[in-house]
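Since the structure comes first, as structure tokens, the remarks are kept for the end.
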Amino acid sequence: MNLRKVTAASAAVLALGVTATACGSSDDDSSSSSGKKITIGIKFDQPGIGQKTPKGYSGFDVDVATYVAKKLGYSADDIEWKEAKSADRETMLQRGDVDFIAASYSITPEREEKVDFAGPYLLAHQDVLVRADDTSIKSPSDLNSKKLCSVTGSTSAQNVKDKLAPKAQLQEYPTYSACLTGLQNKAIDALTTDDSILAGYAAQASFKGKFKLGGFKMTNENYGIGVKKGSALKAKINTALESMVSDGSWTKAVDANFGPANYKNEPAPKIGDIKE
């Protein structure tokens, strides 16, 4: 093997690697130029919010994140989606695994100690989902003696039992989809979590017309976009969110993702307006 050729080839590979690194490198405060990517954390398993499907990614958070990315200078093709499970979100931001996270991410004082939030961009509430023909559950107190489902490890069902319906019979299922099946089969009477998440599930074609939201508004959940602590992206994302509301794109996204469930959404919140 010709040593000169090997040396020349190695140099070419090295040069190519340096060039690729230079083109692909970016920090979380930069805007895009040709060839750059932005990594965004979303939920992969919440219909209407953030869901990975054979056709791609869909949901309200996906629409919001795509709009924000465009305002930051990135096209849809520049986005690299990464699953952001609830327990992993702060760590993902702190490690720099993602540039920002839009994943039904409620702003709380505890989380604000670890990361920064742009927004809020949606005000959700804890609610219940019941069968469409069930007229027995008209208020949270009606959940007493009812079988109430939530996912294992969730605080939503326990919150109802502790504060609103102490005689509710808690049923823990591994997933919300399992709760929905139980609800449909009358093994349980109600499912509880954020109303936006419930609306997303109820809006699925396979469940259309079978369920309805209680409309109880038991808590306020201010959804924000998480960024690394101290990131200049926070201000840029806030500007993008204001634009999304003012040009009507926010309303279109709400209607497209939650409309089939007759979700009565709150008006778009003002930036920094956190409802306790």
> Between Ser139 and Ser141, does any side-chain donor sit less than 3.5 Å from a side-chain acceptor?
Replying inline: yes
> Is any side-chain heavy atom of Cys179 less than 4.5 Å from a side-chain heavy atom of Ile188?
Replying inline: yes
> Can you hop from Ile49 to Tyr67 via hydrophobic side chains spaced under 4.5 Å?
Replying inline: yes
> Which pairs with one or both residues in residues 49-61 pass side chain to side chain donor-acceptor pair (under 3.5 Å), sequence neighbours excluded?
Replying inline: Asp61-Tyr121
Name the atoms and distances for all side-chain donor-acceptor pairs under 3.5 Å in residues 204-211, with sequence neighbours left out.
| unit_1 | atom_1 | unit_2 | atom_2 | d |
| --- | --- | --- | --- | --- |
| Gln204 | NE2 | Tyr201 | O | 3.2 |
| Lys210 | NZ | Ser206 | O | 3.3 |

>> By the salt bridge (charged side-chain N to carboxylate O under 4.0 Å, His left out) test, which pairs, at least two apart or in different chains, include something from residues 104-120?
In response: Glu90-Arg111, Asp116-Lys229
>> If only side-chain N and O atoms count, and only distance matters, is there a donor-acceptor pair under 3.5 Å linking Asp88 with Thr91?
In response: no
> Taking atom types as modelled, is there a side-chain donor on Tyr173 or Thr181 under 3.5 Å from an acceptor on the other?
Replying inline: no
>> Restricting to salt bridge (charged side-chain N to carboxylate O under 4.0 Å, His left out), what partner residues turn up for Glu80, sequence neighbours left out?
In response: none
> Under the salt bridge (charged side-chain N to carboxylate O under 4.0 Å, His left out) test, which residues partner Asp133, sequence neighbours left out?
Replying inline: none
> With sequence neighbours excluded, what pairs up with Lys163 under the salt bridge (charged side-chain N to carboxylate O under 4.0 Å, His left out) test?
Replying inline: none
> With distance as the sole criterion, is a donor-acceptor pair present between the side chains of Ser249 and Asp247 under 3.5 Å?
Replying inline: yes
>> Less than 3.5 Å apart, any donor N or O on the side chain of Asn220 or His125 sitting next to an acceptor on the other?
In response: yes
